[in-house]
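Take a look at the structure below.
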Amino acid sequence: MNKTLLLVVVFACSLPLFAQETSKADAAQIARLERVEELSEDLANDLLEMSVAVRDKDAVALRNFFAESLFAAPFACMPQALQQKVKWISQRAWAPAEADGAAAEQRAVSGAVFHERWMQMLTNFASIEDVRFKMKEGDFNEAGTAKVRVAFYVIGRNTQQQREWLRGNVWVEAAKSEGHWRWSSYKPLSIDSLVATQDLFTDVAASTGLALELPAYQGGYAWYGAATADLNNDGTLDLVATTGGRNQIHLGDGAGRFTDASQSSGFAALANGLGPLLLDYDHDGDVDVFLTAIGTQLLFENRMVPDGKLSFDDVSASSGVARDAVGFSAAAADVNNDGFEDIYVCSYNHYGRVTPNSWFKATNGTPNLLFINKGDGTFREAAKEWGVDDRRWSYAAQFADLDRDGRMDLYVANDFGEKALFMNKGDHFVDEAVARGASDPGNGMGVSFGDFDNDGHLDIHASNMSSTAGNRIIGRIYAGSTAGNNVLKKLAAGNNLLRNKGDGTFEDITAAIGGFSGGWAWGGGFIDCDNDGWSDFFCPNGFVSGPSMKDT
């Protein structure tokens, strides 16, 4: 699902409210909304060009976005002292240059001076990784002049080589002139920075031997994944990845380096899939590889035991997992408590050829699969029998015993709608997501269990897409709506955190703890990044990047 489509969805779902009787007033209102959104998209695209100018510290290009004179509050371009916020994160305010005074009131200022202050602010960054200017809300008058709220951030290294995230929230007025939207009024709501006083992570891909050059994206709607386990029983973690039509295995040496064993193990030559799942399905003491695939699902037996050498046999057909699906990911657990791990496959659909039958309750995906391990090296597909042959465009799933009855329950993230919480009844599952407060409608891409508040109960983080444009449009049509009372607003809201209340039911506390608008969010999970005993959360995001920021 792409952002352009989300805009179409919002309009498609909303227009019936205006078109019940197509009066002239209705038609005029629709026409105005369409015109305003055209202007909004034009301004939003211009803000992306401004993002590039700021990222590149391109003074000439940046000057194009400011009028000859502005009615502006003094621009905060001077970093202030750091104040510790939490652990290894500090916060700082930004203040105007002394020559501009500290007054917050707007006043006439030349575009040249305003531009100079922007460039002065950027001198505090030794390097810049990313910049974004996004239009959050606002309107346009009949002449096409904009009055909008713009959020922006600058991420990079400051002059002390600390990682810094400058973030601003401002009201601006702008008009199109000579090919650019030029700011004529500027009123800041907030500008501050978060600074990492300690680097927790360093990119060591090259030094460890994992800096792979992958083929260019060739289209479609699915890419590849990775998983870790000890494949050769030497006590160190190894890496399995599926990349660009070629399977990868990289063996860890215990000293921070990896060796490519894709060819020597025969793994590279085997059929390719998407989501790797590592498990010892045959209980022989080594880790085997299951791959979901758009087509036939795949299972490769690790021959480390008994051969003493890492190699793999394709046992997909003989084991019974060679079933067709649009398999995006898989999860494993012993669902029937017989001592053998079973496999659940999340099956999507052929997006682009098949259109979801609903944008928030789609049911026309392909059925998910449940492979019950028979304990003799073979599986029996039993998703329908167990009540988990979900057809809601599933993306990801995780098992956990949420009600502490000794049976593994299953949470499934679905695109285009509600998630499923299948509670294990011993010989079948029952979807109790709604009753337990965990349905979380949204474009679900990932799910993770973790005890974020250290109360002894597993909580749920769901990775959902968020959309600035979607929120902007919905705000115009449904003024004052929230993710809690408007499903369209919820679809554009982003990630969710559901707190386990201790009895296996959940409450959505996303808004209370600040929100997680992760953009085009994918998997991710809970991880204690700084080893302080509290679960943090990592969420990857993004899609295919083109040569322009507008092309994603």
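Ion pairing between Arg407 and Asp409 fails under the 4.0 Å rule for side-chain N and carboxylate O. Salt bridge annotation for Arg392-Asp431: present, with a cationic side-chain nitrogen under 4.0 angstrom from a carboxylate oxygen.
Ring centroid separation for the pair Tyr348 and Tyr395 comes in under the 6.0 Å cut-off. Under the 6.0 Å cut-off for aromatic ring centres, Phe416 and Tyr351 qualify, their centroids lying closer than that.
The main-chain N or O of Ala383 is found under 3.5 Å from a side-chain atom of Glu381 such that the two form a donor-acceptor pair. Looking only at distances, no side-chain donor or acceptor of Asp415 sits under 3.5 Å from a matching main-chain atom of Trp393. Gln297 contributes a side-chain N or O that, together with a main-chain N or O of Gly295, makes up a donor-acceptor pair within less than 3.5 Å. Checking side-chain atoms of Asp286 against main-chain N and O of Asp280 turns up no donor-acceptor pair under 3.5 Å. In this structure a side-chain-to-backbone donor-acceptor pair under 3.5 Å is missing from Asn541 to Trp520. At distances below 3.5 Å, at least one donor-acceptor pair connects side-chain atoms of Asp342 with backbone N or O atoms of Val335. A donor-acceptor pair is defined here as one N or O able to donate and one able to accept, closer than 3.5 Å; such a pair exists between the side chain of Asp455 and the backbone of His457. Looking at Asn302, its side chain never comes within 3.5 Å of a backbone N or O of Phe312 through a donor-acceptor pair. Listed for the Ser439 side chain is no donor-acceptor partner under 3.5 Å among the backbone atoms of Pro441. A donor-acceptor pair under 3.5 Å links the side-chain atoms of Ser463 to the main chain of Trp522, judged by distance alone.
Using modelled atom types, one finds no donor on one side chain facing an acceptor on the other under 3.5 Å when comparing Trp534 with Asp528. Residues Asp451 and Ser535 bring no donor and acceptor atom of their side chains to less than 3.5 Å of each other. No side-chain N or O of Thr366 forms a donor-acceptor pair with one of Asn349 less than 3.5 Å apart.
Lys361 NZ: 12 or fewer foreign heavy atoms inside a 6.0 Å radius.
The side chain to side chain donor-acceptor pair (under 3.5 Å) with Lys419 is formed by just one residue from the set Asn464, Asp390, Asn496; it is Asn464. Tested against Thr228, the residues Leu239, Val287, Asp238 include a single side-chain contact (heavy atoms from CB on, under 4.5 Å) partner, Leu239.
Residues Val345 and Asn368 fail the side-chain proximity criterion, which asks for heavy atoms closer than 4.5 Å. Side-chain contact between Glu301 and Tyr281: present, with at least one pair of heavy atoms (C-beta onward) separated by less than 4.5 Å. Under the 4.5 Å side-chain criterion, counting only non-hydrogen atoms from C-beta, Val412 is not in contact with Val447. Side-chain contact between Thr236 and Asp253 is absent, with no heavy atoms from C-beta onward closer than 4.5 Å. Looking only at side-chain heavy atoms (C-beta outward), Phe538 and Phe526 stay at 4.5 Å or farther from each other.
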Assess the residue pair Phe371 and Leu299 against the criterion (side chain to side chain contact (heavy atoms under 4.5 Å, CB included)); give the C-alpha distance rounded to whole Å, side-chain angles, the decisive distance to 0.1 Å, and a yes or no. CA-CA 12 Å; Phe371 294 113; Leu299 179 61; over 6 Å; no
Between Glu432 and Lys425, does a salt bridge (Lys or Arg N to Asp or Glu O under 4.0 Å) hold up when you go through it step by step? CA-CA 11 Å; Glu432 299 180 3; Lys425 304 303 180 180; 2.9 Å; yes
From CA spacing to verdict: salt bridge (Lys or Arg N to Asp or Glu O under 4.0 Å), Asp130, Arg132: CA-CA 7 Å; Asp130 195 18; Arg132 286 293 191 277; 2.6 Å; yes
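The aromatic rings of Phe429 and Phe422 sit perpendicular, their planes meeting at an angle over 60°, well past the 30° parallel limit.
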